[in-house]
*Asks:* 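Pasting in a structure now, in structure tokens, and then I'll have a few things to ask.
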Amino acid sequence: MKMTEVPAPELNCELKAALYRQEAVLRKQPAVHKLSLWYLPMVMNLITFSLLAFLALITIENIYLSYFAAGVCFYVGVSGILLTIVGVKRANIKEDITIRIEKRGVLA
């Protein structure tokens, strides 16, 4: 094989075609994976207050008091979900609390 400054025209065309095919394949794939975290506070709130409601039902011996405590926990959990949804919609921060994970070697 001989080293020259300019490759042969056939080799040059083949290399360009292979490069264009590779770029087309890379452009078809999404360059960024998005992971939205707006639901994380409401899920954690719901889990916490569900566990507290369950704990209240198990540990409190007075049936009316245990149902009252569980109802309060259920109310706080549901209101936390609603407040999170309304807050994200009104403040329009859904894009701000999104994590973007870029793939390596992908053309954007």
Side-chain angles (χ1 to χ4, degrees):
M1 190 160 136
K2 205 180 215 184
M3 295 295 286
T4 60
E5 290 289 324
V6 179
E10 298 86 24
L11 179 62
N12 193 18
C13 291
E14 287 177 18
L15 288 174
K16 282 183 183 178
L19 182 63
Y20 291 146
R21 279 192 302 267
Q22 185 179 10
E23 283 181 359
V25 167
L26 289 176
R27 288 188 193 273
K28 286 181 183 177
Q29 297 175 348
V32 176
H33 291 289
K34 292 182 180 179
L35 179 63
S36 182
L37 298 177
W38 71 271
Y39 58 89
L40 192 61
M42 81 177 160
V43 169
M44 294 303 294
N45 184 31
L46 183 65
I47 290 171
T48 302
F49 283 102
S50 295
L51 289 175
L52 285 174
F54 181 70
L55 188 67
L57 287 173
I58 290 176
T59 57
I60 300 176
E61 290 181 12
N62 188 350
I63 193 77
Y64 297 116
L65 190 57
S66 68
Y67 281 155
F68 177 73
V72 168
C73 289
F74 178 72
Y75 174 75
V76 171
V78 170
S79 64
I81 290 173
L82 294 176
L83 284 174
T84 303
I85 291 171
V86 168
V88 168
K89 293 252 187 221
R90 289 193 45 91
N92 200 12
I93 59 172
K94 194 171 183 179
E95 286 294 320
D96 294 339
I97 51 180
T98 300
I99 295 176
R100 291 170 184 80
I101 304 168
E102 295 183 8
K103 290 184 180 178
R104 280 192 256 162
V106 174
L107 302 171

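The figures that follow rest on heavy atoms only: side chains count, while hydrogens, waters and symmetry mates do not.
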*Asks:* Are N45 and T84 packed together at the side-chain level, in the sense that at least one heavy-atom pair is separated by less than 4.5 angstrom?
*Replies:* no

*Asks:* To the nearest 0.5 angstrom, please state how far the CE atom of M42 sits from the CG atom of L82.
*Replies:*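 So the gap between those two atoms works out to 9.5 Å.
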
*Asks:* Is there a path of hydrophobic side-chain contacts, each under 4.5 Å between heavy atoms, that joins I60 and F68?
*Replies:*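 No, I60 does not connect to F68 through the hydrophobic network.
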
*Asks:* To the nearest 0.5 Å, what is the distance between CG on L46 and CZ on F74?
*Replies:*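 Nearest 0.5 Å value for the CG-CZ distance: 8.5 Å.
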
*Asks:* Working to the nearest 0.5 angstrom, can you tell me the gap between L65 CG and Y67 OH?
*Replies:* 12.5 Å

*Asks:* I'd like to know if I85 and Y39 are part of one continuous hydrophobic network [Ile/Leu/Val/Met/Phe/Trp/Tyr, side-chain heavy atoms within less than 4.5 Å].
*Replies:*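 Hydrophobic grouping puts Y39 with I85.
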
*Asks:* Return the CD1 to CZ distance between I81 and F49, rounded to the nearest 0.5 Å.
*Replies:*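 Rounded to the nearest 0.5 Å, the CD1-CZ separation comes out at 11.5 Å.
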
*Asks:* For residues S66 and L57, report the shortest heavy-atom separation together with the two atoms involved.
*Replies:* O-CD2, 3.9 Å

